[in-house]
Amino acid sequence: MNIPWTEREKTAVPSQAPLQNEKTTEEIALGVRRRVFEHTIRNNGGYLSQACSSAEQLAFLYNEALHLGQPTMPMIPPPFGGVPSADNPDYVTGAGYNGPFEPQYDRLFIAPAHYALVAYATLIETGRMAPEGLEMFNKDGSSVEMIGAEHSPGMEVHNGTLGIGLSTGAGLAWGRKRKGEPGEVCVFMSDGEVQEGQTWEAVQAAAHHGIDNLWAIMDVNRQQCDGAMDEVMQVGDIRQKFIDFGAHCVEIDGHDLEAMRQARAENHEGKPLIILAYTSPTKGMPILERRFPRLHYVRFKSEDERAEYNQAIAADLGIAPVDYAH
Amino acid sequence: MVEMVARPYAAAFEAYAVQHPEVIALSADLTSSVEIDGFRDRHPEQFLSMGMAEQNMLSFAGGMGLAGYRPFIHTFGVFLYRRPYDQLMASIAYPRRKVRLMGFLPGITTPGGMTHQAIEDISVMRSIPNMTVLETGDATEVEGIVEAADSIDGPVYCRVLRGSVPRLFDSPLKVGEMRVLAEGTDVLVITAGITTEEAIRARGALDKAGVSVRHLHLNTLKPFDAEAIVAHAASVKHGVVTLENHLVAGGIGSMTAEALADAGLGKKLIRLGLQDTYAHGGSRPYLMNYYGLDAIALVRGIERLMGIETGIDEGALEAVRVDAVHSSVKAEAL
Ligand SMILES: Cc1ncc(C[n+]2csc(CCOP(=O)(O)OP(=O)(O)O)c2C)c(N)n1
Ligand SMILES: [Mg+2]
């Protein structure tokens, strides 16, 4: 069943109404780029190009597409609280930042866990986590891990091993559908994941079982660790492949929010929906083009380079350069 | 001060591979992170990019073995056996293909958390029939691992250190030969990989406290030289402490326990390492301390074994090396 967002809205309990959209999705996307930029300059490295490519997608998910309740976790993330174990009864995942698990609410998986930095910035921009959360990024003993862990804000499972997220989403969606829950399941994916066979097995199963309360948006930035995907391992016409495996698949400009809204509204009865968001890994930060095709992780080679990027990107993002400790 | 060597694997692999055209480097989209980016650029004819698709890569390597090539598969250790375990068994281990599995970032040497930390790889690999398991503990061993791996008549899994690696040894790695680093008489300490450096840190303080340590460093985990381990264990008064960058189940501690039991040698054994738990993301010194894999954990283990208090605290141990998060010898944060 594929209940439109507006109708699901009506079924929500008023006290658990979603957060108010105080900012526009465009503003949130800009804020995400700014936060990830600041973080990258301060830490002399970061997953910066992922903010360029996916800021609109994550902003869209959290600010308008997903029906999520109020966070159940503290605004300032608690320290690492141990791993799942019978001896750790207080263990919680980071999913509480996306709101409570209630039948009417959607669920989100960030499948490429290295996008965590961008996801955390989005949580801050949408009022789900305090800005202090980002200061804990990759700090020893913190739950705000570099590769989003199950206990990291906004995460519900471990996805650091790529290509498993869509399968988990499909399984949860199947269960929710059987239970008659109106909330849907969304998976944010990266294009590198199409190289893993499991991605195709997931689509095949979701199509076979008619799992249409499942949808995914994929950041097609054509990049992976080694560089441009075409150089590393060609993947061909992935839209046609998704269709052949039984999904409803649409391609959009991943920086065009109107196109994103329309894609989300596509009728995909009986099938999962896959939105391929074609993006630029340097969007909003043109100086990064110099590094093409090595964009997966941005680390500065010298203090001069760091300073130059600081000036240039700050100007592009309309903020003052970051005042960092040298 | 220990000499630090930058990217010893990169140079060693290139030097060896150019002499052996049947050696082909395979990579699964982590080429810089496993230090073969320079090799790829200079020797494209000996490099195969396999994309982020590990299951295919392993069976593909098995097929290359049929054609007479000796593929060196490069990726993080976890990605060599977790997802493609079935492929590893059917395409590589059973038919004894000469596939060299180069596993980087062993144990908690990565901040990437559970999905990136190979903490049960030794246990898994050593239980596979036909598999050889090697582990590097310093720059000299990393420099020797390529040739050592390629000398194996069958498949081999190697735990490889990368980035800035300390030089602890001056003689090359010889498959099957453990290193006797100290010949004390109170307690036998067995280490491998990064825990050897920890034991070396602790030894000075232990000496001063009057604890006489016999210290073995292992680089060949399978075949395991049980006879030598038993002889060393028999020669000390109090028993054995193993310290490993791995779960205590199935790793060096388990192998030692099996060796002692098989020989009927009744010696106390303390197994230090990850105690039936997953790890999480963090810096290496933090994780080693948090999970009890460091020098102070070893001191406490020895105290427990001998029933003494040495009075040794963190301050008495030689300074921990702290790697910069963004060192120029690392391709990225991982
Ligand atoms: C199964 C698995 N293999 C390899 C990796 C290492 N890895 C992390 S990110 C990545 C690149 C994947 O491509 P994509 O997510 O599209 O990267 P980006 O666009 O962010 O550069 C790889 C190979 C992994 N995390 N999981
Ligand atoms: Mg990509």
Side-chain angles (χ1 to χ4, degrees), chain A residues 43-47 80-85 87-88 112-114 116-117 138-152 157-164 190-199 224-227 229 231-235 294 296-302 306, chain B residues 27-34 36-37 40-41 44 47-57 59 75-76 78-79 82-84 87 110-117 274-291 322 324-328 330-334:
Chain A
N43 290 271
N44 196 20
Y47 291 96
F80 169 65
V83 295
S85 142
D87 306 329
N88 189 13
H114 63 284
L117 178 58
N138 199 25
K139 292 268 159 37
D140 288 339
S142 139
S143 60
V144 188
E145 295 200 8
M146 175 168 71
I147 303 300
E150 192 177 285
H151 49 260
S152 298
V157 293
H158 266 292
N159 277 321
T161 172
L162 268 65
I164 67 176
S190 68
D191 53 355
E193 289 191 278
V194 304
Q195 291 175 347
E196 291 283 359
Q198 185 173 351
T199 296
Q224 57 186 125
C225 281
D226 279 4
M229 281 182 61
E231 308 280 304
V232 180
M233 180 58 66
Q234 290 175 23
V235 296
R294 297 274 178 274
H296 178 76
Y297 190 85
V298 171
R299 181 168 55 76
F300 304 111
K301 287 178 201 76
S302 66
R306 184 181 180 187
Chain B
S27 180
D29 192 27
L30 286 169
T31 306
S32 321
S33 295
V34 297
I36 51 168
D37 45 339
R40 168 199 60 202
D41 297 343
F47 176 88
L48 272 186
S49 173
M50 299 305 293
M52 185 173 65
E54 295 80 6
Q55 294 172 302
N56 174 64
M57 176 166 66
S59 293
T75 184
F76 296 162
V78 268
F79 301 135
R82 282 194 184 162
R83 189 166 311 187
Q87 287 81 2
T110 166
M114 183 279 279
T115 55
H116 285 60
Q117 292 160 337
L274 290 158
Q275 307 287 334
D276 194 26
T277 180
Y278 293 99
H280 72 121
S283 72
R284 175 170 140 181
Y286 159 80
L287 292 172
M288 291 191 85
N289 188 263
Y290 189 89
Y291 291 105
V322 182
V325 177
H326 290 101
S327 124
S328 59
K330 285 202 283 182
E332 48 154 332
L334 280 178

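To find a chain, count down the sequence lines: A is the first, B the second, and so on, and within it residues start at 1.
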message: So for A/H114, is it side chain, backbone, both, or neither that comes closer than 4.5 Å to the heavy atoms of chain B?
response: neither
Separation between OG of B/S33 and OH of A/Y297, rounded to the nearest 0.5 Å: 11.0 Å
- request: Verify the neighbour count for atom OH of B/Y291: are there more than 12 heavy atoms of other residues, nucleotides or ligands below 6.0 Å?
  value: yes
query: How long is the gap from OG on B/S32 to CZ on A/R294, to the nearest 0.5 Å?
result: 6.0 Å
Spatial distance of atom CG (B/D29) from atom CD (A/E196) [nearest 0.5 Å]: 9.5 Å
Spacing of A/F80 atom CZ and B/Y286 atom OH [to the nearest 0.5 Å]: 6.5 Å
statement: Residue from A/D140, A/I164, A/N159 scoring the most non-hydrogen pairs under 4.5 Å with chain B is A/D140
- prompt: When you check the side-chain N and O atoms of A/T161 and B/R82, is any donor under 3.5 Å from an acceptor?
  reply: no
query: Do you know which two heavy atoms are closest between A/V232 and B/S49, and how far apart they sit?
result: O-OG, 2.6 Å
message: Heavy-atom pairs under 4.5 Å with chain A - which of B/A279, B/A53, B/G113 has more of them than the others?
response: B/A53
task: Mind listing the closest non-hydrogen atom pair of B/H116 and A/G160 along with its distance?
output: CE1-O, 3.3 Å
message: For the CD atom on A/E231, are there more than 12 heavy atoms of other groups (residues, nucleotides or ligands in this structure) within a distance under 6.0 Å?
response: no
task: Return yes if some donor-acceptor pair links the side-chain N/O of A/E145 with the main-chain N/O of B/G281 below 3.5 Å, else return no.
output: yes
- prompt: Which value, rounded to the nearest 0.5 Å, describes the distance between A/D191 atom CG and B/M52 atom CE?
  reply: 9.0 Å
message: For chain A, which candidate among B/T115, B/D276, B/L287 shows the most heavy-atom pairs at distances under 4.5 Å?
response: B/T115
task: For A/H151 and B/H280, work out which heavy atoms get closest and say how close.
output: CE1-CB, 4.1 Å
